[in-house]
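Below you'll find the structure, written out as structure tokens, and then a few comments.
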Amino acid sequence: MTLYAGSIAEERRAASLPKRTGLKRIFDRNIHAYLFLLPWLIGFFGLTLGPALVSLYLSFTNYDLLQSPDWVGAANYVRIATSDPKFAAAMQVTFTYVLLSVPLKLAFALLVALAFNRGIKGLTLYRAIFYLPSLLGSSVAIAVLWRQLFASDGLINMLLWRAFGYEGPSWISNPDYSIYTLVILSVWQFGSPMIIFLAGLRQIPQDMYEAAEIDGAGKLRQFLRITLPLLTPVIFFNAVIQTIDAFKAFTPAFIISEGTGGPINSTLFYTLYLYQEAFGFFRMGYASALAWILVIIISLFTAFSFLSAKYWVHYDD
Amino acid sequence: MSVMLQRRAVLTAGLAAFSLAALGGGRAFAQAIRLRMLWWGSQERADRTNKAIEAYKKIKPDLTIAGEFAGWSDYWPRLATQVAGRNAPDLIQMDYRYIFEYARRGALAPLDDYLGKGLNIADFGTMNIDSGRVDGKLYGINLGVNSSALMFDGAAWEKTGATPPSQVKTWEEFAENTAKFGTNKPKPGYYATADASGLEPALECWLRQQGKSLYTPDGKIGYDAADAGKWFAMWAKMRESGGCVPADIQALDQLNIETNALTTGKAATAFAHSNQFVGYQALNKAKLSLAAYPRISADSVSGHYLKPSMLLSVAKDSKGIADAVGFIDFLVATPEGVDILGVERGVPASSSMRDQLATKLDGVSKSMVQFIADITPGVGDLPPAPPPGAGEFAFVLKRIAEEVAFKRITPEEGGSRLVQDADNVIKRK
């Protein structure tokens, strides 16, 4: 308390001094903080904000990396909006992926978290095991494994044949199914939302359940009336994070199709298309425009989530 | 401690060099030249290249070459970023498709002045020298001669009573025999051939047999929708007759040796490049053979041409162009360098080097040299330079071939769509 009061007094003193030295004093006082922040500040300005602004400029140019950029105005954006069939294909693939993988992954993560929350033995071990896929998930090795699982003579088809006598297609290389194998890959990496759900479940006071039970509420009603409403902040957090991640998904599609987005553009994720344009065909300007459109889409989604939050997210403290 | 360090430094050649370099101003090192070399390829290629660099060090001790390598798909982004950052490697392994893009954008040094003066490649023959020329100037030195080729498991073909690709003359015969293979196939899920309908070099060869080409010299599409439709229809027929792998098997192919239907045990024939023969044989238990492509008619031209499997270029901004050229000369025109590289990058372009190397090769490498020698009398000219943006065409062809194979569109529709999309690609800036 005394410390706090002291700092207010100091601030008052600082405020009474002329402005010029006031600024200087604030800086002097905070220099240590800035020094500690320096690595982050350098990273933020040098590696995030700087390149982002350059890419905004490049999005209005034609730039092939070898020659200097040519200003073309909004031409890149116009082409994307009016005459780019691959952009449409990439949007379709990406939205299918986001709209399927995020809800399924969250539902699955919540289900497992609920099962773990019943106080089973060896929880730490199980939690670690179920978290494992998330650690491996975006790696090259897993994408390669996925190819093996869902190929024509992969494990999945072997099991289907043994169990039902059904001869499955080559799921991963069939344009009708390939995107769903990637959705499953994403759902399988439910570890981090699960851990967060588990922490959220622990926060719910036990006496609420006891009271509900005395009032005669069954398990389902307890879940719908207590667990779910009190968990909405955590669900909200997970949904926002997972949606942003899903829009940015790249590695699985890149590895599984070797960068082509095939077969027939069925795994052409937005980021993969962006990568092709930038590094496959050296259209850096066009790729920058694509990147900014993705930034806008993700921002809109996030803004929409936050605006809708006040209607369904329940903050109770 | 310092005595220990000193002793180690004397013992280890590498450390000795390092400590000298650390001194920084030694007179001997004032003239030291450091070059960087970047290439794509496998570990095998890296080992051979590094060995060549080591060997060259004995010849020119004051020249240090630092090698970097990457896989094919990572290579081009890395090279483009380095060139854009004015940090280009001095020695750049170049592909025939990309050399036009890099040379025309002023990233490469013309090497004509070194011909006969440090670069002794006169016995490459005109064609193998010209394959490194862009707009009349020499920007790349052929590192190995290559051509499209069929690789097949002869025993598997014969077991089914079908005539293997080396003995058929025309595409029609080839298709008939794949069908025969399909009827008598030894096991389910095994086919006569991989599907090459989406493979750019295969379509190109087929077009050349009819006197057409992918691109005309003035940068336009060298075939029409009907031609492309016929190409897709031919493959559709092979799929229907059970001779060619179905669409979802072909789509597992990632255009490398490891995932080709031949290597994964789904087909008895692969459409590939001759320099990959060593790699294919290494991954396949069955003994493989090489064959030229079937032809449109028994008396048509073969459609093949000798292309550089890769080239070696020098960056325009390099501070040691002459030294870089010296190393290239070592790699392609001296027995020592040529022997170290072997035929891993293709058959040496120099006839004298090829002859002296041939006596030292094993059976697999020898058959590859033999294949190039066999097709050489019938090869045609190099195709005209592809127009800018043509790099994307390989993706377009693959996608449309898949649309036909998965029966989303008919072969005829595929033909007209291919011409239209190819045209869009090359018209785009």
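Quick note: numbers below take in every heavy atom, side chains included, and nothing from hydrogens, waters or symmetry partners. Sequence lines set the chain letters: A, B, ... in the order given, protein chains first and strands last, and positions in each chain run from 1.
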Okay, side chain of [X], backbone of [Y]: is any donor-acceptor separation there less than 3.5 Å?
{"X": "A:Ser173", "Y": "B:Asp248", "value": "yes"}
{"X": "B:Ser318", "Y": "B:Val314", "value": "no"}
{"X": "B:Ser313", "Y": "B:Tyr139", "value": "yes"}
{"X": "B:Arg36", "Y": "B:Leu91", "value": "no"}
{"X": "A:Arg147", "Y": "A:Ile256", "value": "yes"}
{"X": "A:Thr267", "Y": "A:Ala253", "value": "no"}
{"X": "A:Thr181", "Y": "A:Ile172", "value": "no"}
{"X": "B:Gln93", "Y": "B:Leu38", "value": "no"}
{"X": "A:Ser55", "Y": "A:Ala52", "value": "yes"}
{"X": "B:Asn284", "Y": "B:Tyr280", "value": "yes"}

Can you say whether [X] sits under 4.5 Å from chain B via the side chain, the backbone, both, or neither, judging by heavy atoms?
{"X": "A:Glu277", "answer": "side chain"}
{"X": "A:Ser68", "answer": "neither"}
{"X": "A:Tyr177", "answer": "neither"}

For this session: Please lay out, stage by stage, how B:Thr178 and B:Thr193 fare under the test side chain to side chain donor-acceptor pair (under 3.5 Å).
Result: CA-CA 7 Å; B:Thr178 61; B:Thr193 179; over 6 Å; no
Exercise. Can you list the steps and then say if B:Asn256 with B:Thr259 is a side chain to side chain donor-acceptor pair (under 3.5 Å)?
Worked result: CA-CA 6 Å; B:Asn256 56 32; B:Thr259 56; 2.6 Å; yes
Exercise. Is the Lys NZ or Arg CZ of B:Lys187 less than 6.0 Å from the centre of B:Tyr190's six-membered ring, within 45° of the axis?
Worked result: yes
Problem set entry | chain B neighbours within residues 148-164 of chain A, where any heavy atom lies under 4.5 Å away | A:Ala151, A:Ser152, A:Asp153
For this session: With a 4.5 Å heavy-atom cut-off (strictly below), which parts of residues 74-105 of chain A touch chain B? List them by number.
Result: A:Arg79, A:Lys86
Below 4.0 angstrom, N of the basic side chain to O of the carboxylate: do [X] and [Y] qualify?
{"X": "B:Arg428", "Y": "B:Asp423", "value": "no"}
{"X": "A:Asp64", "Y": "B:Arg105", "value": "yes"}
{"X": "B:Glu392", "Y": "A:Arg283", "value": "yes"}
{"X": "B:Arg408", "Y": "B:Glu413", "value": "no"}

Exercise. When you look at CD of A:Gln67, are more than 12 heavy atoms from neighbouring residues, nucleotides or ligands closer to it than 6.0 Å?
Worked result: yes
Exercise. For the candidates A:Phe281, A:Tyr286, A:Phe282, which exhibits the highest count of non-hydrogen atom pairs separated by less than 4.5 Å from chain B?
Worked result: A:Phe281
Problem set entry | Output field: ring centroids A:Tyr275/A:Phe254 closer than 6.0 Å | yes
Exercise. Any residues in residues 75-89 of chain B near chain A, with a heavy-atom distance under 4.5 Å, and which are they?
Worked result: B:Trp76, B:Pro77, B:Ala80, B:Thr81, B:Val83, B:Ala84
Exercise. Are there residues of residues 95-102 of chain B that reach to under 4.5 Å of chain A by heavy atoms, and which ones?
Worked result: B:Tyr98, B:Glu101, B:Tyr102
Exercise. Among B:Gln254, B:Arg399, B:Gln250, B:Glu402, which has the most heavy-atom pairs under 4.5 Å with chain A?
Worked result: B:Gln254
